[in-house]
2 protein chains.
Amino acid sequence: MPERTHVTLQDVARAAAVSPATASRVLNGSANVRADLRVRVQDAAGRLAYAPNAHAQALAGASRRTVGVICHDVSDPYFAVIARGIMRVAGDNGLLVMLASTFRDADREVAYVSMLRAQRAPAILLIGSGFEDKAWERALAAELDPYLRGGGRVAVVSRHRSLRVDSVLPENRSGAAALAKALLGMGHRRFAVLAGPRALTTVADRIAGFRDALTGAGVHMSEKDIVECGFTRDGGYEGMIRLIAGGLRATCVFAVTDVMAIGALTALRDNGLSVPGDVSVAGFDDIPIVRDLTPPLTTVALPLEQLGERAMELALRENAGRRSRIVRLAGEVVIRESTGRVRP
Amino acid sequence: MPERTHVTLQDVARAAAVSPATASRVLNGSANVRADLRVRVQDAAGRLAYAPNAHAQALAGASRRTVGVICHDVSDPYFAVIARGIMRVAGDNGLLVMLASTFRDADREVAYVSMLRAQRAPAILLIGSGFEDKAWERALAAELDPYLRGGGRVAVVSRHRSLRVDSVLPENRSGAAALAKALLGMGHRRFAVLAGPRALTTVADRIAGFRDALTGAGVHMSEKDIVECGFTRDGGYEGMIRLIAGGLRATCVFAVTDVMAIGALTALRDNGLSVPGDVSVAGFDDIPIVRDLTPPLTTVALPLEQLGERAMELALRENAGRRSRIVRLAGEVVIRESTGRVRP
DNA sequence: GCAGTTGCAGAAAGCGCTTTCAGAAAGCGC
DNA sequence: GCGCTTTCTGAAAGCGCTTTCTGCAACTGC
């Protein structure tokens with residue numbers, strides 16, 4: 001915004017015939033100012049449509065009120081619900097929230113962190129970052145470390161390796177195990193998994209938990225029953241197609257996220273397979289839309305909104321100790337109509 | 001971020017044994033600096049993990065690179081797709097995008113605009129604002145006008161009354177009319193509409209277009225066939241419930257947004273009604289998820305991503321004339337399985 | 001060899017604000 | 001009425017950067 005110039009505190013002060021100092025005091029509501037001067041200043045400010053220059057304020061030492069949240073894609077419903085939780089807590093604390101999508105691009109993510117750091121944002125939240133990639137995490141750390149040293153607060157939703165930051169984690173492993181047990185209880189013995197990129201800890205944990213429970217019940221699932229595919233609706237669709245093409249032997253398919261399960265469901269429908277008649281399908285996350293699918297999806301309900309709330313709270317609350325804090329939140333299996341009992 | 005202090009340009013300059021001016025020149029890549037000095041400065045900056053203070057930069061006249069986008073709710077898929085378009089164009093122009101959700105709260109919206117203005121953001125985009133409310137629009141104008149006068153750029157997706165800003169509009173009226181014609185072509189004669197708040201121009205336009213086409217074909221739709229309900233999935237659900245309770249006489253229900261149609265579909269399912277067997281359902285927007293519903297939804301496909309792209313482009317391109325520009329984008333009827341022919 | 005260029009580094013001003021700090025005015029007790 | 005405290009206001013410093021502007025070398029051409 002180069003061209004025209006802005007109304008400054010000076011202008012307001014002049015118009016009100018007071019010093020800039022007094023004007024500043026009035027506009028910040030703080031100190032003692034005589035009533036008539038106060039009125040004159042407020043008047044002038046209103047008349048001139050004065051807006052303080054946030055940069056000047058920040059530079060002069062005012063506290064910042066806008067926290068940054070960085071995620072892969074704000075349009076992912078999984079994230080959208082988390083964001084709502086974040087905004088609730090932020091709002092309660094008088095903070096505004098700005099969101100950014102990285103589209104799983106490391107450079108973009110680093111650029112946003114860097115920008116937030118440059119802006120001296122009081123806190124940065126990272127929702128499910130690219131921590132599984134060594135180089136990515138290193139680049140991120142290079143921005144985050146000095147930010148933290150400068151007094152910035154950081155909280156992360158999802159696991160990371162080496163960062164010295166607080167985090168909140170959904171209990172992926174136990175959630176997936178509980179789901180597997182429920183499925184076993186319905187009589188299923190042959191399973192397939194639609195896995196996202198297995199390098200992601202989220203994916204790895206969910207698969208591990210699922211498989212643990214199976215193994216515990218003496219049920220075997222081989223590696224070729226695990227289809228690695230994109231972490232998206234289209235990934236799930238395409239993975240399911242591959243499963244069908246391979247001659248689907250499973251009676252139950254576990255998609256590691258609801259979003260992928262949605263794709264899987266559509267792939268089944270497009271191939272004339274009925275759910276749960278021909279095959280049962282389960283997901284993970286319990287994003288709101290799965291209730292509106294036909295059939296409604298069996299899944300593991302994560303307290304998504306809480307995930308966001310806890311993260312924001314962590315970032316807000318000073319960490320006295322030297323260790324990074326971890327909050328774990330458990331999910332709960334929700335059986336809906338996308339899964340059914342196996343006919344003996 | 002009060003406590004600890006940051007590494008400043010001064011520090012870097014000192015470490016590199018040059019003046020701050022030279023350090024600045026190096027770090028901004030611009031002017032002529034001897035190679036060895038250049039190396040020394042970059043070295044020092046790296047070693048100290050220097051991050052420029054964006055506030056100081058801005059104050060000293062550097063150009064800002066982060067545009068703000070304000071919408072009702074980033075988790076609304078309608079908006080999410082638009083946002084993707086915005087970010088594409090912004091990215092191509094080297095800009096970062098920060099998103100904010102107002103949850104249809106006027107105060108919050110004004111607060112965000114005010115913050116963006118204070119931050120001297122180069123552009124602000126408003127996606128579907130609260131312009132239908134006089135007081136709201138006035139409060140917004142009070143922030144926007146001085147922002148514009150200061151050289152800020154504003155673009156709006158959706159209609160507004162009095163703001164002197166550029167806007168891009170989906171052709172709601174003609175889209176709804178085309179949909180109605182298609183539905184008439186299937187033999188439908190008795191319609192019901194799930195309307196959002198009718199004060200919203202979006203809603204009003206869609207209803208008007210729909211009704212125009214009906215009237216043109218000699219089909220009457222009375223006011224009591226139009227159910228006003230929330231602009232959300234739950235609104236659609238509850239509206240449909242009311243319709244059913246009133247003894248559904250329509251053969252086809254038009255929900256003014258896909259999101260509402262989703263709720264309607266679930267309400268029908270919950271009441272044992274089949275779609276399109278018992279009743280046809282159509283929506284508007286063509287958000288991605290409607291392809292995954294059962295049955296897939298008939299709707300008017302809006303070029304959502306383009307809506308965002310055009311808006312960003314408008315905000316970027318200088319408006320030479322004195323009049324605000326308007327870009328209109330048409331939708332296209334997409335027939336899917338949620339609508340069927342009426343049996344004679 | 002000398003004025004006139006050119007290339008590059010540093011000094012310093014200033015962006016718009018907050019915040020000491022000092023001083024003026026007013027109120028108090030005696 | 002005098003010194004003292006208490007209010008309140010304005011002057012001025014300074015936050016960290018960019019950007020003239022000035023100045024010094026090292027050139028150029030005659």
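Atom set for the values below is all heavy atoms of this structure, side chains included, hydrogens, waters and symmetry mates excluded. First the proteins, then the strands, lettered A, B, ... as listed; each starts at 1.
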Treat primed atoms plus P, OP1 and OP2 as sugar-phosphate and everything else as base, then score nucleotides 12-17 of chain D 5' to 3': B for base contact with protein heavy atoms under 4.0 Å, S for sugar-phosphate contact only, - for none.
--BBBB
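- The distance between atom CZ of B:Arg25 and atom P of C:dC8, rounded to the nearest whole Å, is 11 Å.
- With rounding to the nearest 0.5 Å, the separation of CD in B:Glu109 from CD1 in B:Ile70 is 6.0 Å.
- Residue A:Arg34 places at least one side-chain N or O closer than 4.0 Å to OP1 or OP2 of D:dT9.
- Checking A:Thr22 against B:Ala35, the closest nucleotide of DNA chain C that is more toward the 5' end is the one next to B:Ala35.
- Of all the heavy atoms in B:Ile124 and B:Arg117, the pair that sits closest is CD1-N, 4.4 Å.
- Between B:Trp136 and B:His72, the ring planes are perpendicular. Angles over 60° get that label, and only those under 30° would be called parallel.
- The side chain of A:Ser19 contributes no N or O atom lying less than 4.0 Å from OP1 or OP2 of D:dT9.
- Looking at every heavy atom in both residues, A:Ala23 comes nearest to A:Leu9 through CB-CD2, 3.4 Å.
- Inter-residue side-chain proximity for A:Gln119 and A:Thr66 is flagged as unmet; no heavy-atom pair is nearer than 4.5 Å.
- The shortest distance between side-chain heavy atoms of B:Val110 and B:Asp107 does not fall below 4.5 Å.
- The distance from atom CZ of B:Arg14 to atom C1' of C:dA11 is 16 Å, rounded to the nearest whole Å.
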Could you provide the dot-bracket string of DNA chain C, using ( ) for intrastrand pairs, [ ] for crossing pairs and | for bases paired to another strand, with Watson-Crick or G-U pairs below 3.5 Å?
||||||||||||||||||||||||||||||
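- Distance alone, capped at 3.5 Å, places no donor-acceptor pair between the B:Asp105 side chain and the B:Thr102 backbone.
- With a 4.5 Å cut-off on side-chain heavy atoms, B:Ile82 and B:Val69 do not count as touching.
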